[in-house]
J.: 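Take this structure first; my questions come after.
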Amino acid sequence: MNARERLIVGLDVPTITEAEAKVRALGDSVLFYKIGYQLVFAGGLEFAHDLAKDGKKVFLDMKLLDIDNTVAKGVENIVKMGMSMLTLHAYPKAMRAAVEAARGSDLCLLGVTVLTSMDAQDVIEAGYEYDPHTLVLRRAEQARAAGMGGIVCSAEEAGAVRKVIGPDMAIVTPGIRPAGADRGDQKRVMTPAEALKAGSSHLVVARPIVNAADPRAAAEAILAEMTGVPGT
């Protein structure tokens with residue numbers, strides 16, 4: 001894959017009008033977009049469908065988790081929308097239901113391990129007995145066993161996850177910040193080059209691009225950094 005196939009720009013904006021403006025500003029420099037809750041609840045599902053029809057790749061970040069039948073029926077409809085990636089929380093039953101529902105399609109199902117906004121204390125408060133690193137690896141192993149297409153994790157865990165899941169599954173890492181950028185609410189972050197070297201296959205970058213005075217220039221600077229990493 002080249003850098004444009006590996007960079008996913010998070011459209012974390014409040015309205016479709018603003019999202020459309022960002023896509024126009026980024027032009028052909030960006031191929032892949034992530035759409036999450038904020039935009040979904042402002043009409044983002046139809047917008048996601050339109051992006052896919054226009055030849056863009058769309059990562060629908062819904063972090064699904066429900067009873068098996070509900071997950072399966074949701075995935076079946078998402079397949080029909082032409083999405084490229086979809087997230088689920090990495091719970092074994094939900095993952096197995098999603099994999100069966102997506103069978104035969106091109107939809108890459110991603111298991112969310114531990115959110116990059118969470119550190120060890122946050123994981124303890126959530127009731128888990130594992131530290132974040134151990135929990136990530138356990139969920140990665142379960143995702144591989146379920147037949148998922150990839151993992152969402154911090155770039156800090158990408159190298160260890162790659163050893164667990166092997167060479168073929170995707171590792172999608174949010175919490176990517178160019179050198180000198182504000183971390184915001186992210187606690188486990190890396191630069192684009194560091195993340196690729198650590199084993200990430202795809203990088204999700206939102207605020208450093210969409211909040212930039214010149215989003216296209218910001219995206220192209222990140223693409224240039226990614227292109228400098230061997231294999232990209």
J.: Quick one: does any side-chain atom of Thr87 pair with a main-chain N or O of Val112 as donor and acceptor, under 3.5 Å?
T.: no
J.: Does atom CZ (Arg138) have a neighbourhood of more than 12 heavy atoms from anything else shown, all under 6.0 Å?
T.: no
J.: Report yes if some heavy atom in the side chain of Met85 is under 4.5 Å from a heavy atom in the side chain of Leu107; otherwise report no.
T.: no
J.: I would like to know whether Glu76 and Lys73 meet side chain to side chain contact (heavy atoms under 4.5 Å, CB included); could you show each step before the answer?
T.: CA-CA 5 Å; Glu76 288 173 4; Lys73 296 304 181 185; 3.6 Å; yes
J.: Main chain of Ala217, side chain of Glu220: is a donor-acceptor contact present, judged purely on distance under 3.5 Å?
T.: no
J.: For the residue pair Leu39 and Ala19, what are the closest heavy atoms and their distance?
T.: CD2-CB, 3.7 Å
J.: Under a 4.5 Å cut-off applied to non-hydrogen side-chain atoms, are Ile165 and Ile171 in contact?
T.: yes
J.: Is there a side-chain contact between Ile222 and Val205, using heavy atoms and a 4.5 Å cut-off?
T.: yes
J.: How long is the straight-line distance from CE of Met118 back to OH of Tyr128, given to the nearest 0.5 Å?
T.: 7.0 Å
J.: One thing to verify: whether Lys63 and Asp61 come together as a salt bridge, which I'm taking to mean a side-chain N less than 4.0 angstrom from a carboxylate O.
T.: yes
J.: May I ask whether Ile124 and Val114 are part of the same hydrophobic cluster, defined by side-chain heavy atoms of I, L, V, M, F, W, Y residues being less than 4.5 angstrom apart, directly or through others?
T.: no
J.: Taking Arg6 for its side chain and Ser201 for its backbone only, find out whether a donor-acceptor pair lies under 3.5 Å.
T.: yes
J.: Do Met62 and Leu86 come within less than 4.5 Å of each other through their side chains, counting heavy atoms only?
T.: yes
J.: How many angstroms lie between atom CG of Asp168 and atom CZ of Arg144, to the nearest 0.5 angstrom?
T.: 11.5 Å
J.: Determine whether a donor-acceptor pair (N or O, by modelled atom type, separation under 3.5 Å) exists between the side chain of Lys22 and the backbone of Val210.
T.: yes
J.: Side-chain donor-acceptor pairs under 3.5 Å in residues 40-59, sequence neighbours left out?
T.:
{"from": "Lys56", "atom 1": "NZ", "to": "Gly27", "atom 2": "O", "distance (Å)": "3.3"}
{"from": "Lys56", "atom 1": "NZ", "to": "Val30", "atom 2": "O", "distance (Å)": "2.7"}

J.: Are Leu26 and Val9 side-chain neighbours, meaning at least one heavy-atom pair lies under 4.5 Å?
T.: yes
J.: Is the closest basic N to carboxylate O distance between Asp66 and Lys93 below 4.0 Å?
T.: no
J.: Give the C-alpha distance, both sets of side-chain angles, the deciding distance and a yes or no for side chain to side chain contact (heavy atoms under 4.5 Å, CB included) between Leu203 and Ile8.
T.: CA-CA 6 Å; Leu203 310 183; Ile8 303 173; over 6 Å; no
J.: Without swapping roles, check the side chain of Ser200 against the backbone of His202 for a donor-acceptor pair under 3.5 Å.
T.: no
J.: Output yes when a side-chain donor or acceptor of Glu225 lies under 3.5 Å from a complementary backbone atom of Ala193, and no otherwise.
T.: yes
J.: Assigning hydrophobic clusters by single linkage (Ile, Leu, Val, Met, Phe, Trp, Tyr; side-chain heavy-atom cutoff under 4.5 Å), is Leu31 placed with Leu110?
T.: no
J.: For the side chain of Arg162 and the backbone of Met169, is there at least one donor-acceptor N/O pair under 3.5 Å apart?
T.: yes
J.: Tell me if a side-chain donor or acceptor on Thr15 pairs with a main-chain N or O of Glu18 at a distance below 3.5 Å.
T.: yes
J.: Which distance, rounded to the nearest 0.5 Å, do you find between the CD of Glu5 and the CG of Asn2?
T.: 4.0 Å
J.: Classify the side-chain pair Glu20/Thr17 by whether it contains a donor and acceptor separated by less than 3.5 Å.
T.: no
J.: Between Thr173 and Val204, is any pair of side-chain heavy atoms under 4.5 Å apart?
T.: no
J.: What distance do Lys163 atom NZ and Leu137 atom CG have between them, rounded to the nearest 0.5 Å?
T.: 10.0 Å
J.: Would a 4.5 Å heavy-atom cut-off, applied to side chains only, mark Val71 and Leu88 as touching?
T.: yes
J.: Just how far is it from atom CZ of Arg103 to atom CG of Leu109, taken to the nearest 0.5 Å?
T.: 10.5 Å
J.: State the CG-CD1 distance between Asp12 and Ile209, to the nearest 0.5 angstrom.
T.: 11.0 Å
J.: Which is it for Val161 and Thr113 under the side chain to side chain contact (heavy atoms under 4.5 Å, CB included) test, yes or no, and what are the steps along the way?
T.: CA-CA 10 Å; Val161 166; Thr113 54; 5.9 Å; no
J.: With the side chain counted from C-beta on, respond yes when Leu64 and His89 share a heavy-atom pair under 4.5 Å apart, and no when they do not.
T.: no
